[in-house]
Trainee: 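Okay, handing you the structure first.
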Amino acid sequence: MNWGVFEGLLRGVNQYSTAFGRIWLSLVFIFRLLVYLVAAERVWSDDHKDFDCNTLQPGCTNVCFDHFFPVSHIRLWALQLILVTCPSFLVLMHVAYREAKEQRLREAGGDSYRSIYPNPGKKRGGLWWTYLLSLIFKAGVDVVFLYIFYRFYRNYTLPWVVKCELPPCPNVVDCFISRPTEKTIFTLFMVVTACVCIVLSLVEAAYLIRKRCWERLQAEGGG
């Protein structure tokens, strides 16, 4: 991706986010995405090559590796980051749709034109619902992936040695994972940052709902 375009998208998302949303965005793109790109990919680059089992039986090592690593951490994190960031760009697309509609009405109305979106980025009407649902979706994605990681890798940790007795292994063999401590540290780091992102999304959703309810009460009281 062109980094200039990417930077422009991030600036737009940041512009239409609340304070909680800006913190969430910084956490995702500084602590999660950059850690993933700079360090995590290198840590897992040798996971299959250096997965050793104490047997020379053909196929045994591959079968055991597939059993203990059914899905790569890297691929799961990549999918998680894609899914968790897409809703923010949908909000940006909704704002762009409002701006384009406003422009079309301005050109068609001429002197009799009346603005329907004086501030296209203001979270009202459909944009408010888009923003709220994006928060719920982002939190839901992180929760689902935390559960998937927990199911595949108990307690999010990797042991030094795993025992495998799957065919075609001749008997119970010991298999050794490359750099398990380092991988466990990165896994726990990604889990903790995902948990913080979930809390931020839920807090922001609660803030939006509370703010809307307060505005409604004020409007009814004023009326």
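All residue numbers refer to positions in the sequence shown, counting from 1. Values in this document were obtained by computation on a predicted structure and should not be read as measured data.
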Trainee: Can you confirm whether Y153 sits close enough to L158 that some side-chain heavy atom of one is under 4.5 Å from a side-chain heavy atom of the other?
Mentor: yes
Trainee: Between SG of C164 and NE2 of H67, what distance do you get to the nearest 0.5 Å?
Mentor: 6.5 Å
Trainee: Does the side-chain contact (heavy atoms from CB on, under 4.5 Å) test come out yes or no for F186 and V191, once each step is laid out?
Mentor: CA-CA 9 Å; F186 274 99; V191 167; over 6 Å; no
Trainee: Under the side-chain contact (heavy atoms from CB on, under 4.5 Å) criterion, do V71 and I148 qualify, and how do the steps go?
Mentor: CA-CA 10 Å; V71 183; I148 291 174; over 6 Å; no
Trainee: Determine whether W129 and L132 satisfy the following criterion, side-chain contact (heavy atoms from CB on, under 4.5 Å), listing intermediate values before the conclusion.
Mentor: CA-CA 5 Å; W129 283 105; L132 180 63; 4.2 Å; yes
Trainee: Any chain of hydrophobic side-chain contacts (each under 4.5 Å) joining V28 to L90?
Mentor: no
Trainee: Hydrophobic cluster membership, with links at side-chain heavy-atom distances under 4.5 Å among I/L/V/M/F/W/Y: are V173 and F176 in one?
Mentor: no
Trainee: Compare all side-chain heavy atoms of V144 with those of L83 and state whether any distance is below 4.5 angstrom.
Mentor: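 Not in contact.
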Trainee: State, with a plain yes or no, whether a side-chain heavy atom of W160 is found less than 4.5 Å away from one of T181.
Mentor: yes
Trainee: Hey, is OH on Y156 packed in by over 12 heavy atoms from elsewhere, all under 6.0 Å?
Mentor: yes
Trainee: Which residue pairs pass the salt bridge (Lys or Arg N to Asp or Glu O under 4.0 Å) test with at least one member in residues 134-145, sequence neighbours excluded?
Mentor: R32-D142
Trainee: Atom OG1 in T157, atom NZ in K183: separation rounded to 0.5 Å?
Mentor: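 T157 atom OG1 to K183 atom NZ measures 13.5 Å (nearest 0.5 Å).
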Trainee: Taking the side chain as C-beta and beyond, is there a heavy-atom pair between P159 and V162 under 4.5 Å?
Mentor: yes
Trainee: Evaluate the ring planes of Y97 and H94, with Trp represented by its six-membered ring, and classify them as parallel (under 30°), tilted (30 to 60°) or perpendicular (over 60°).
Mentor: perpendicular
Trainee: If we only count heavy atoms from C-beta on, is the F20 to L135 side-chain gap below 4.5 Å?
Mentor: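 Counting from C-beta outward, F20 and L135 never come under 4.5 Å.
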Trainee: What are the two closest heavy atoms between G21 and Y131, and how far apart are they?
Mentor: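 It is CA-OH, 4.2 Å.
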Trainee: Can you tell me if CZ on F31 sees more than 12 non-hydrogen neighbours from other groups inside 6.0 Å?
Mentor: no
Trainee: Tell me whether the rings of W77 and Y36 are parallel (<30°), tilted (30 to 60°) or perpendicular (>60°).
Mentor: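 The rings of W77 and Y36 stand perpendicular, inter-plane angle above 60°.
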Trainee: To the nearest 0.5 Å, tell me how far L76 CG sits from M190 CE.
Mentor: 11.0 Å
Trainee: Is the distance between the ring centroids of H73 and F152 under 6.0 Å?
Mentor: no
Trainee: When hydrophobic residues are tied together by side-chain contacts of less than 4.5 Å, even through go-betweens, does L79 share a cluster with V143?
Mentor: yes
Trainee: Are I74 and L188 connected into the same hydrophobic cluster when the rule is that any two of I, L, V, M, F, W, Y join if their side-chain heavy atoms are below 4.5 Å apart?
Mentor: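 Yes.
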Trainee: Rounded to the nearest 0.5 Å, what's the gap from CD on E165 to SG on C64? Could you check?
Mentor: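 The SG atom of C64 is 9.5 Å from CD of E165, to the nearest 0.5 Å.
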Trainee: Say you draw a straight line from CZ of R22 to CG of L200; how long is it, rounded to the nearest 0.5 Å?
Mentor: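 Going from CZ on R22 over to CG on L200, the span is 13.5 Å.
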Trainee: Nearest 0.5 Å please: distance from the CH2 atom of W128 over to the CG atom of L133.
Mentor: 8.5 Å
Trainee: State, with a plain yes or no, whether a side-chain heavy atom of Q80 is found less than 4.5 Å away from one of F149.
Mentor: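 A side-chain contact under 4.5 Å exists here.
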Trainee: Run the side-chain donor-acceptor check on residues 51-63: report pairs under 3.5 Å with partners two or more places apart or on a different chain.
Mentor:
| unit_1 | atom_1 | unit_2 | atom_2 | d |
| --- | --- | --- | --- | --- |
| N54 | OD1 | D174 | N | 2.9 |
| T55 | OG1 | Q57 | N | 3.1 |
| N62 | OD1 | H48 | NE2 | 3.1 |

Trainee: Please examine the side chains of L27 and V196, heavy atoms only from C-beta on, and report whether any two atoms are closer than 4.5 Å.
Mentor: yes
Trainee: Membership question, hydrophobic clusters at under 4.5 Å side-chain separation (ILVMFWY): are F145 and L33 in the same one?
Mentor: yes
Trainee: Answer whether the closest heavy-atom distance between the side chains of F29 and T85 falls below 4.5 Å.
Mentor: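 F29 reaches T85 side chain to side chain.
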